[in-house]
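Beneath this line is the structure, given in structure tokens, with notes to follow.
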Amino acid sequence: MHILTDFPRQQLFELLRTMPKAELHVHIEGTLEPELIFALAQRNGVTLPYDGIEALRAAYAFTDLQSFLDIYYAGAGVLLHEQDFFDMAMAYFHRAAADRIVHAELFFDPQTHTARGVPIGTVIRGLTRACDTAREQLGISSALILCFLRHLSEADAFDTLEQALPYREHFIGVGLDSSERGNPPEKFARVFARCRELGLRIVAHAGEEGPADYIRDALDLLGAERVDHGVRCVDDPLLVERLARERIPLTVCPLSNIKLCVFDTMAAHNMATLLEAGLCVTVNSDDPAYFGGYLNQNFVETFQALPQLGASHAVQLAKNSFDASFVSDEQKARWHDELARTVARFGPEQAAPLTAT
Ligand code: ADE
Ligand code: ZN
């Protein structure tokens with residue numbers, strides 16, 4: 001990919017903010033802002049172990065994935081009714097519209113809710129109604145991906161799948177999230193085999209904190225079509241070659257990686273290395289309410305910290321987000337055209353080489 005060094009920096013950030021894009025790695029429970037947590041706690045009569053919004057926000061000082069997950073699962077405890085799930089997802093969709101997201105594939109964690117006695121139908125109905133409303137009111141297309149919590153058992157995952165099947169038409173695929181270390185993909189090989197038989201699309205978190213081996217196992221043992229995070233692939237050059245050759249997308253989440261100490265600083269992030277290796281990398285927000293920013297903030301902070309990234313990378317990342325999404329080729333082509341039209345508005349000198357990348 002060639003780098004446009006002469007593209008003015010200010011215009012680069014304008015391009016990042018205004019280009020159409022897809023978000024493929026966002027946990028809807030991770031979009032629950034402290035303000036909404038407190039509002040829902042009050043509405044539902046739930047007592048929180050924090051004095052107020054600022055005290056809760058102050059607790060968001062994470063040292064690793066587990067330290068985040070403990071607080072994240074507790075925050076989701078205020079979600080009880082269909083309307084709560086609808087309100088949470090609509091708040092995300094309004095942020096998404098502001099970031100020029102035209103398509104979002106949302107993860108949800110049913111076991112976090114069913115374990116508290118909230119029926120899976122309540123979760124799926126609320127989220128589905130929000131997806132429908134987002135299309136009608138904001139012009140954003142979206143889909144739901146059901147994630148299994150990997151710290152729980154295979155039997156619990158099978159049981160969750162069974163509970164979800166009456167709502168089969170409301171989700172397009174399944175994923176695997178939660179505590180990665182010590183919970184390898186092989187633990188869920190049989191669940192994912194069943195999901196593939198059911199025609200579900202397959203993604204999995206791998207290589208966030210866990211080793212590169214977990215990425216290979218997510219591909220070979222689960223049938224993952226996309227790898228969530230995957231940044232540890234660089235530890236295995238043969239794996240990097242395979243990811244590039246088979247064009248397996250990585251849904252990378254830069255701010256998440258910094259907040260969970262996967263990298264010490266954004267300047268140390270391997271985003272540019274992954275792009276230069278020819279991987280189909282995408283930028284995503286993961287759990288934006290907890291990690292300090294939604295999708296455009298991820299783009300902006302990444303490009304600020306990595307000056308070797310320029311306009312051609314920005315456009316490549318937007319293209320990758322469409323290519324890696326689970327939509328039809330016709331829809332992908334329409335978004336590619338829309339992206340080209342946005343790039344063209346930045347002036348013919350910049351637009352010509354950009355559209356050729
Ligand atoms: N659940 C929500 N965010 C997650 C992450 N970054 N890794 C694993 N599981 C998650
Ligand atoms: Zn994630």
Side-chain angles (χ1 to χ4, degrees), residues 22-33 37 59-77 79 85 88-89 92 104-115 123 127 143-152 156-157 160 173-185 187-188 201-211 214-215 217-218 222 224-233 249-263 269 271 281-295 298 321 324:
E23 175 148 63
L24 306 176
H25 183 162
V26 55
H27 302 262
I28 199 62
E29 295 90 348
T31 69
L32 205 44
E33 291 286 344
I37 290 179
Y60 294 178
F62 312 117
T63 49
D64 60 6
L65 176 57
Q66 194 59 50
S67 65
F68 154 69
L69 291 171
D70 294 341
I71 288 190
Y72 160 81
Y73 294 132
L79 297 160
F85 292 91
M88 169 175 66
Y92 165 73
E105 295 180 4
L106 309 181
F107 293 149
F108 68 108
D109 287 338
Q111 287 152 299
T112 302
H113 313 300
T114 53
V123 180
L127 297 179
L144 298 175
I145 296 179
L146 181 162
C147 285
F148 298 111
L149 299 180
R150 68 200 304 160
H151 68 276
L152 300 179
D156 206 312
T160 302
V174 292
L176 185 65
D177 63 3
S178 193
S179 323
E180 187 181 10
R181 286 202 204 107
N183 294 296
K187 181 174 167 186
F188 297 95
R201 308 304 297 256
I202 307 290
V203 300
H205 283 53
E208 178 186 17
E209 281 189 345
Y214 283 18
I215 300 174
D217 289 349
L222 304 183
E225 301 169 73
R226 244 175 17 211
V227 174
D228 297 313
H229 295 292
V231 291
R232 293 267 48 94
C233 69
L250 302 186
T251 62
V252 176
C253 307
L255 281 173
S256 164
N257 292 155
I258 306 313
K259 289 292 188 301
L260 302 188
C261 309
V262 172
F263 297 97
H269 199 284
M271 172 67 77
V281 182
T282 65
V283 174
N284 304 272
S285 69
D286 206 4
D287 302 285
Y290 292 89
F291 298 151
Y294 286 76
L295 188 51
N298 274 271
S321 76

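Only this structure's heavy atoms are used, side chains among them; waters, hydrogens and symmetry mates stay out. This structure is a prediction, so every number in the text was calculated from the model and none was measured. All ligand and atom numbering here is 1-based and tracks the order in the structure.
- Here Glu23 pairs with Tyr92, Ser285 under the side chain to side chain donor-acceptor pair (under 3.5 Å) rule; sequence neighbours left out.
- Summarising the geometry, atom OG belonging to Ser179 is positioned 8.5 Å from atom CZ belonging to Arg150; distances are rounded to the nearest 0.5 Å.
- Annotation: atom 9 (N) of ligand 1 to nearest protein heavy atom, Ser178 N, 2.8 Å.
- Scored by the side chain to side chain donor-acceptor pair (under 3.5 Å) test, Glu105 finds His103, Arg226 as partners (sequence neighbours excluded).
- We find the NE2-OG distance between His25 and Ser321 to be 14.5 Å, quoted to the nearest 0.5 Å.
- Looking at Asn183 and His151, their side chains never bring a donor and an acceptor atom within 3.5 Å of each other.
- Between atom CG of residue Leu260 and atom CG of residue Asp286 there is a gap of 7.0 Å, rounded to the nearest 0.5 Å.
- In terms of protein heavy atoms, atom 6 (N) of ligand 1 is closest to Asp286 OD2, 2.7 Å.
- Within the structure, the closest approach of Asp109 to ligand 1 does not fall below 4.0 Å when heavy atoms are considered.
- Interface atoms of ligand 1 facing Leu69, defined by a heavy-atom separation under 4.0 Å, are 1 (N), 10 (C).
- The side chain to side chain donor-acceptor pair (under 3.5 Å) search around Asn298 returns none, not counting sequence neighbours.
- Scanning the protein heavy atoms around atom 7 (N) of ligand 1, the nearest turns out to be Glu208 OE1, 2.8 Å.
- Side chain of Asp177 to backbone of Cys147: no donor-acceptor contact under 3.5 angstrom is found.
- Residue contact check for ligand 1: Gly30 places no non-hydrogen atom closer than 4.0 Å to it.
- Ring centroids of Phe291 and Phe68 are separated by less than 6.0 Å, placing the two rings close together.
- One finds no salt bridge joining Arg232 and Glu208 here, because no Lys/Arg side-chain nitrogen approaches an Asp/Glu carboxylate oxygen to under 4.0 Å.
- Neither the backbone nor the side chain of Phe107 comes within contact range of ligand 1; no heavy atom lies under 4.0 Å.
- Within the sub-2.8 Å shell of the Zn ion (ligand 2), the protein contributes these N/O/S atoms: His25 NE2, His27 NE2, His205 NE2, Asp286 OD1.
- Within the 3.5 Å criterion, the main-chain N or O of Leu152 finds a donor-acceptor partner in the side chain of Lys187.
- If you check which protein heavy atom lies closest to atom 1 (N) of ligand 1, you get His27 CE1, 3.5 Å.
- Taking every heavy atom of Phe68 and a limit of under 4.0 angstrom, the matching atoms of ligand 1 come to 2 (C), 3 (N).
- On a distance-only criterion, Asp287 and ligand 1 share at least one N/O pair closer than 3.5 Å.
- Side-chain contact annotation: Tyr290 with Ser256, donor-acceptor N/O pair under 3.5 Å absent.
- The proximity of His229 to ligand 1, defined as any non-hydrogen pair under 4.0 Å, is limited to the side chain.
- Residue-level proximity to ligand 1 for Glu29 is absent, since no heavy atom of it falls below 4.0 angstrom.
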